[in-house]
Amino acid sequence: MPIPDIETLKKEVIDSPVWRAVFRGGVWADTPRDRQAHISGNVWLHLHPAKVRPRALKWTYTWGLGGLAFALFLLLALSGVSLMFYYRPVPGLAFRDIKDLEYAVTLGKLLRNMHRWAAQAMVVAVIAHMVRVFLTGAYKRPREFNWGIGVLLLTLTLFLSFTGYLLPWDQLAIWAVTVGTNMAGATPFLGNAGPFGGLMGMHINNDVRFTMLGGTVVGGSALLRFYVLHCIAVPLLVGILLILHFWRVRKDSFSAAPYSANEPKVDVWPNLVKREYLAAVGLVIFIMVWALLQNAPLEIMANPNVTMNPAKAPWYFVGLQEMLVYFDPWIAGVLLPGMIAAGLIMVPYLDTNPKGVGYYAWGERPFANTMFLLGVTMWFTLITIGEFFRGPSYAWYWPWESWYGFKPAPPPTWSVFGPHGAAVLPIALGVAVLGALFTGGIFLPKLIQRELPGKKLLLGFLALVALVGLGGMAAHKLTGLQVGFLLFFCGMVFQFGFIMPQRHIRRLDWARYLVTMTLVVCMMGVWLKMCARLCFNIKYVLTVPAVSMNI
Amino acid sequence: MSYRKLFYAFNFALLAVFVTALVKDNDAQWKTYQRQYYDLMADHLTKQAAAETDPKKAADLRKSAAEYRRHPLAIKQIITDGLGRFDRCTTCHVGMDEYENPGLTTPFTQQPFAAHPDIAGLVKTHPFTKFGCTVCHQGQGLATTLADAHGWVENWDHPMLKGTAIQGSCVKCHGDFAALKGAQAAAEGEKLIHQHGCLGCHAIDGVGGTMSVDLGDIEDKPLERIAGYNFLRVRIDGKQLPLDHWNIQNWILGHLVDDPEQVTPNDPFAKMNTEPIAPSPMPDFSHELTREQAEDIVAYLSGMTKLEEVPYRDHVQGPAAREPRFSDPKAHGHYVFVKYGCAGCHGVDAKAGRRRFNALGPGQKPFDPKMTEAERFAEMEKGREPTLPDLMSGYSHEELVEKIEQGVPASAAKKWDPDGPMPVIYMPAWKGKISKPELDDLATWLLSIGKKQDLGF
């Protein structure tokens, strides 16, 4: 019997009825039609367009971040389902099952490590993807809605990671989740500790936190709820939104701008698919190596009677926890994060600048990029402080400082306006002063019609602050370091909160202008409050305890 | 590099990583030990077969040796009977697995191949298949690596008990542990606790003073409550403890072999009602107890747990507590002195009062605000509880009984440094706690050891 040559054999196989039934299309001839058929005839690749702009293939345009985030989602689903075979969400068993994974299950340790690290990587990838999309203006028409879905997916990613945090049922888990869910208890109207919560008849056993936990503390029912949310509810929702997200990417066409007019598009198969494949394989290698080298943390079994000190939220929520130092819980844990999410969803509707879609355009959209990056910087600054500069009792510890020594109590804090602050200044004055600052900050940039000389004004303002600072130093009320911080923060807020809006968005229509400026002024407020609390020990600038208004 | 080359490179790298993971997973520590055990057994049997004269017996031995060589490897686990423990210790300690080795004896002396020592017949009375291992030995039963299983690692609070500390486990179930062979150290520890007056400040299950923590569940003390502050200051044999040796046994030992003032110094930044805070008021036992005695106390206290859920059927009732009878009131008085932990403050046999930080004491210089911090600290250190024999001449029998009944409140303390910390320990009012006949005999004994005052005749 003659040995059939490989090409004939290949043809035989491909032309066989079974092959033809499973895979559409015929013999591969590498024509544009074949390539198109590869995409449109394959259920997995069908979400891709058949052709894309050449720029979309450039690594330095997308960084592959959306695809990496999705690959991580798939990796997490795969490793997560594998872990589900070994895990029972019951307090007495959960921790033991994790120990079993660690010690007795074949590749169990690797699975758990991979799941843990992939989850952390996915949070990073999704945030980075959002930053990339923003910087390339890819949220603009007609992609506004898809940007909104993306923001929802980001919050769901965080929630997915957060619900998974509880499942090992160790000390780290229950105390991080305790910190996270306690913030929900401060929701206005719906939380027992939030403003007007009492008015709505909210108690510790009927409010929104109780609903989340299925109890008043993080216990068995909380574990079961988080398990169901983590394994079924949230992934399902994320899956649905992902389908919508991808479908809209295809329908709205990929954002990458053409390099030149009448530029021909290139085939997705194999140009994009090979890149995606390599990125995904590289990612799996990266996660696996990470999982081989570094074990996922596992502390001693959860004990509701022994509080960890410090008890910290998962790292991506430590920024919110850090904000608790500066604001009343309902502001730090509910209002500000709500404003961040809502503000992000509104971004495409606020930004009327038609330029800079599909490429990195620093010069063409200075205001949008600056404000967005300032916000991202703030978020990660807060996370860095909370993660690396906070020790026992959430006091300030330098990263190189031991947590175990005796340490003097931090200097006493004080409030500027409020019943416990300077007694002569009543709350009304505080409300008036802060209200005036806030309103002035919002309205003033638009009310000044002519463009102001930014550099001169900033220098003048800094000189004024320096003068006040030097006066304070002369009176021995301020230290040089404090004056330095004052100059930095005030200068930054003046530049980004007043000069930039005045130059760039004063011609915006009133509705868009007011929403934008409210967001900008609130962000500046957080920066200023950080300065006030960290450098001047000001607990609250204004405190009205009756309505939990502590800022 | 072209994409085609990258494609191959990445795929091979992925395969390599996956194979590495498999190899790493397969290369478990327990497999080495189990294999070694079976090989050692095979070698042993082969040797026996060579020495055997009966050819049939020799063939049998060779056959079982061959079986040992082929023995498959597996994780072994004991699911304990009602103790809520799952022990995989026999995975490496194969010789202690009753199914593998019904006789529970092995010809090897080296761990993990050695047999369990049979102390006072405990191997029979505590079937391992029922009780498992960690209920007595502690450690991490679920773990299958040496370090993690023995539990001397971070994030495991109850490592394997070392040395005599294991005897605490007898105390958990055996009310009659004092009479048990093999629990002598724990029994000695219990005696020492009475003798040195620990019960004056610490209760055990509600019996004893309320000055400090009840030791009845000291074994369950969460390390999180200690670790943050004081473990770094624990010195055993003059050495600091590594992180994986932070456990309750060392915490107790650290209080007995070193001055507790070193373990829990005063927080220089903390204030109690505007007054500074005194260091730990626990007396310095490091000169009073030998290292061995300290370990005996640790052994006894290692059994002080309320979290270990041992079924009632496994408990052994102790002898009924019966008060000894004394014909000599003085001997009874001394017994009462020991029983209520008076030695905690007044010293063993009331010989010398113990330290009372910042109280007045013998040989102190008068307070001088110009003294340096260290000098002041040294003087405060000299504060002492009363040395009873020195005071007895001032009391009649009735006055002494009344004094003990009323006690001396903390507020009556006279401080050496008026701005220093309040002396922590005080004399409780014993009325109603010590019965009247006991008090009478206590006073009789105390007056009998009092120094006679020179009346000047």
Side-chain angles (χ1 to χ4, degrees), chain A residues 92 95-111 113-114 170-172 175 270-271 273-275 277-292 297-301 303 305-311 391-393 402-410, chain B residues 1-4 6-18 20-26 28-30 74-77 84-86 88 91 140-145 148-149 154-158 220-225 227-233 265-271 307:
Chain A
F95 185 71
R96 213 174 84 204
D97 289 345
I98 301 290
K99 287 280 182 193
D100 272 359
L101 280 165
E102 203 101 315
Y103 294 118
V105 176
T106 305
L107 289 180
K109 201 178 203 170
L110 180 84
L111 264 184
N113 292 352
M114 276 177 74
D170 63 342
Q171 280 287 69
L172 193 68
W175 293 107
N271 294 310
V273 175
K274 71 183 181 193
R275 286 170 167 83
Y277 179 80
L278 281 181
V281 173
L283 178 81
V284 178
I285 294 172
F286 172 71
I287 296 288
M288 272 180 101
V289 170
W290 187 1
L292 280 173
L298 186 67
E299 305 209 346
I300 58 169
M301 192 163 118
N303 185 349
N305 293 324
V306 181
T307 319
M308 299 265 283
N309 187 12
S393 308
S402 165
W403 284 6
Y404 296 133
F406 291 126
K407 194 177 162 82
Chain B
M1 213 175 352
S2 74
Y3 274 99
R4 182 175 294 270
L6 273 176
F7 176 84
Y8 288 121
F10 271 44
N11 282 336
F12 277 119
L14 183 62
L15 190 69
V17 175
F18 186 70
T20 311
L22 268 177
V23 168
K24 199 178 159 194
D25 195 85
N26 191 49
Q29 209 176 7
W30 64 266
I75 291 183
K76 297 164 187 291
Q77 172 172 276
R85 287 173 181 268
F86 303 84
R88 299 191 173 135
T91 305
Q140 191 174 181
L142 288 169
T144 54
T145 64
D148 289 356
E154 272 182 77
N155 294 327
W156 193 257
D157 279 5
H158 293 286
D220 307 329
K221 187 174 180 129
L223 295 189
E224 181 72 27
R225 302 238 170 94
Y229 299 99
N230 291 325
F231 255 117
L232 282 179
R233 302 192 189 88
N266 56 336
D267 180 346
F269 302 107
K271 289 270 187 290
L307 288 183

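Letters A, B, ... mirror the listed sequences (proteins, then strands); counts begin at 1.
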Considering only heavy atoms from C-beta outward, does the side chain of [X] approach that of [Y] to under 4.5 Å?
| X | Y | value |
| --- | --- | --- |
| A:Pro270 | B:Tyr3 | no |
| A:Val284 | B:Leu14 | yes |
| A:Phe95 | B:Leu142 | no |

Side chain, backbone, both or neither: which part of [X] has a non-hydrogen atom closer than 4.5 Å to chain B?
| X | value |
| --- | --- |
| A:Met308 | both |
| A:Lys407 | backbone |
| A:Glu102 | neither |
| A:Leu110 | side chain |

(request) Using a cut-off of 6.0 Å, state whether more than 12 heavy atoms not belonging to B:Phe18 lie near its atom CZ. (result) no
(message) Working to the nearest 0.5 angstrom, can you tell me the gap between B:Leu6 CG and A:Arg275 CZ?
(response) 10.5 Å
(message) Just verifying a value: how many Å separate A:Phe406 CZ and B:Asn266 CG, rounded to the nearest 0.5 Å?
(response)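 Going from the CZ atom of A:Phe406 to the CG atom of B:Asn266 covers 7.0 Å.
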(request) Answer with side chain, backbone, both or neither: which region of B:Gln140 has an atom nearer than 4.5 Å to a non-hydrogen atom of chain A? (result) side chain
(request) Measure B:Asp25 against the heavy atoms of chain A and call it side chain, backbone, both or neither at under 4.5 Å. (result)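 Contact with chain A: side chain only.
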(request) May I ask you to decide whether B:Arg88 forms a salt bridge with A:Asp100, counting only side-chain N to carboxylate O separations under 4.0 Å? (result) yes
